[in-house]
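The next block holds one structure in the form of structure tokens; read it before the comments.
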Amino acid sequence: MTMKCRSVALLISVATAVAAPDIAAAQPAAPEASASADAAKRADALVQKAGRLYSDGQYQDAEALLLMAWELNPTFDVAYNLGNTKYQLKKHREAAQYLSFALRHWPLLKGVAKLKPNAEKWLAESRAQVGALKVSVTVAGAEVLVDGKNVGRAPLEGEVFVDPGEHRVEARHLDYEPASQTVSVAKGGTAEVKLAISPVRSEAQAGGVKTEGGGSATGAGGVGPAAGPPAGPVEPQSLAPEKRSWVPVIALGGASAVGLAVGVTTTVLSRNARESADAHQGQLRQMNGRCIEPPSHLTQKCRELERETVRADSLGTVSVISYAASGALAIAAVTYALWPRRAAAAGHGLRVLPQMHAGGGGVFVVGAW
């Protein structure tokens, strides 16, 4: 079906037409629902006949043929003709629905560009006579109904045009609880409707427990036979032994090895510094000097002696702390590895926490029994 063969038909005045003037067919089908090539060819023939009827002023007969064409091939040009014809019949609600569909899907073709202002004019005039609903639903695919008539599935394409007044909007889905809202819309006005539907709760979620007879026992405040007390005391289930993790052992062992390496290194450096200090001390003795109120030529030598002595003492202190920390970490690793595992239960467990400070180190064993 080409636009050329419909150039005459597109001049028809059509508005929205359905089998009955209710909202059930007020939501035009999506363009994806286009029919087969054969159906499109038959629809084209119906549009040509409707064009001749429209030219003779037989709008109702043209409307009937265009409705048949819409069922076969719901495209923008059929919607344009339907909207135009409905406009001539003063069926403004249906005219607005079809014209809005046509304008949403208007093609970028020069041959039909001159017709677009007409569609916009008819839509504006029809829109001023009716109300519009902007409906949104939280779940895609939900069926949307207005006053009990199906207008499509969420998300809806465009607005739903209704007569001025009060309307009930519903959303239904097989897996969700239905939701509804009543709104009032004035002539030329728009009402926004937002429907939030929640998943259907299972019987267990609703608080019911099935009994042997097929009935259900409800919780407090429920109706039905109350569940009886247990036949006897409930024995605690046997608890599987807690699975041991070797990550703490590896971490503590590695830290202990690092501490030991630091201790050995600082011991060697402290010893070297001590030997250097002793050498400076020996040189002072050979020069018959001392570092208590030393003469000027011995001041530098005394400063070097003091610096090496302080360095030797500091490195010695670090080595002692490193050895202590290494030992504490090693003990923590062995304690964790050999400590008997208790059954895995809430409130039971063992934690080994090493702690180091400037004056030494230690290990804390924290547990709950």
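Just so you know, these numbers come straight off a predicted model, no measurement behind them.
The main-chain N or O of Asn272 is never found under 3.5 Å from a side-chain atom of Ser276 such that the two would form a donor-acceptor pair. A side-chain donor-acceptor contact under 3.5 Å links Thr265 to the backbone of Ala261. With hydrogens and angles disregarded, no donor-acceptor distance shorter than 3.5 Å links the side chain of Asn73 to the backbone of Ala43.
Donor-acceptor pairing under 3.5 Å is lacking for the side chains of Ser319 and Arg271. If you check the side chains of Glu157 and His105, you find a donor sitting under 3.5 Å from an acceptor.
For the pair Leu133/Val146, a side-chain contact is recorded, criterion being any heavy-atom separation below 4.5 Å from C-beta on. Counting only heavy atoms from C-beta outward, the side chains of Pro178 and Glu170 never approach each other to under 4.5 Å. With contacts defined as side-chain heavy-atom distances shorter than 4.5 Å, the pair Tyr176/Thr138 does not qualify. Here the side chains of Lys116 and Leu103 are in contact, with some heavy-atom distance below 4.5 Å. Residues Glu166 and Val183 are not in side-chain contact: their nearest non-hydrogen atoms beyond the backbone lie 4.5 Å or more apart. Val264 is listed as a side-chain neighbour of Tyr323, based on a closest heavy-atom distance under 4.5 Å. Under the 4.5 Å side-chain criterion, counting only non-hydrogen atoms from C-beta, Glu159 is in contact with Arg127. At least one side-chain heavy atom of Tyr87 sits less than 4.5 Å from a side-chain heavy atom of Lys121.
Salt-bridge formation is not detected for the pair Asp278/Arg274: no Lys NZ or Arg NE/NH1/NH2 atom is positioned less than 4.0 Å from an Asp or Glu carboxylate oxygen. Contact check on Lys187 versus Asp163 returns no salt bridge, with no Lys/Arg side-chain nitrogen under 4.0 Å from an Asp/Glu carboxylate oxygen.
A search for side-chain contact (heavy atoms from CB on, under 4.5 Å) contacts involving Lys90 returns His92, not counting sequence neighbours. Looking at residues two or more places apart in sequence or on another chain, you find a side-chain contact (heavy atoms from CB on, under 4.5 Å) between Glu177 and Ser198, Val200.
Taking the six-membered ring where tryptophan is involved, the planes of Trp106 and Tyr80 are perpendicular, since the angle between them exceeds 60° and thus also 30°.
Of all non-hydrogen atoms in Ala62 and Ala50, the two that sit nearest each other are CB-O, 3.6 Å. Contact record, Ala142 with Val137: CB-CG1, 3.9 Å, taken as the closest heavy-atom pair. Closest heavy-atom contact between Ala69 and Val47: CB-CG2, 3.9 Å. The two residues Gly259 and Ser326 make their nearest non-hydrogen contact at C-CB, 3.8 Å. The two residues Val162 and Ala132 have their closest heavy-atom pair at CG2-N, 4.5 Å. Residues Ala102 and Ala79 come closest through the heavy atom pair CB-CB, 4.0 Å.
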### Query
Do Ser100 and Phe161 pass the side chain to side chain contact (heavy atoms under 4.5 Å, CB included) test, and can you show the C-alpha distance, the side-chain angles, and the key distance before you say yes or no?
CA-CA 10 Å; Ser100 64; Phe161 295 100; 3.6 Å; yes

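At a threshold of 4.5 Å between side-chain heavy atoms, the hydrophobic network of Ile, Leu, Val, Met, Phe, Trp and Tyr places Ile197 and Leu174 in two separate groups. Residues Val139 and Val135 share a single hydrophobic cluster, defined by chaining ILVMFWY side chains whose heavy atoms lie under 4.5 Å apart. Grouping the Ile, Leu, Val, Met, Phe, Trp and Tyr side chains by contacts below 4.5 angstrom, directly or via other members, places Leu156 with Val169. Under the 4.5 Å side-chain heavy-atom criterion for ILVMFWY residues, a single connected hydrophobic cluster contains both Val144 and Leu195. Hydrophobic clustering (side-chain heavy atoms under 4.5 Å, transitive across Ile, Leu, Val, Met, Phe, Trp, Tyr) keeps Leu269 apart from Val262.
The structure places NE2 of His167 at 13.0 Å from CD of Gln181, a figure rounded to the nearest 0.5 Å. Distance check: Gln48 CD to Leu53 CG gives 12.0 Å after rounding to the nearest 0.5 Å. Here NZ of Lys134 is found 11.0 Å from NZ of Lys194. Values are rounded to the nearest 0.5 Å. Put simply, CG on Leu72 and CE on Met68 are 7.0 Å apart, with the number rounded to the nearest 0.5 Å. A distance of 8.5 Å separates CZ of Arg311 from OG of Ser270, quoted to the nearest 0.5 Å. Considering CG of Leu99 and CZ of Arg104, their distance stands at 11.0 Å, rounded to 0.5 Å.
By the neighbour-count criterion of 12 heavy atoms within 6.0 Å, atom CD of Gln58 is densely surrounded, having more than that number from other residues, nucleotides or ligands.
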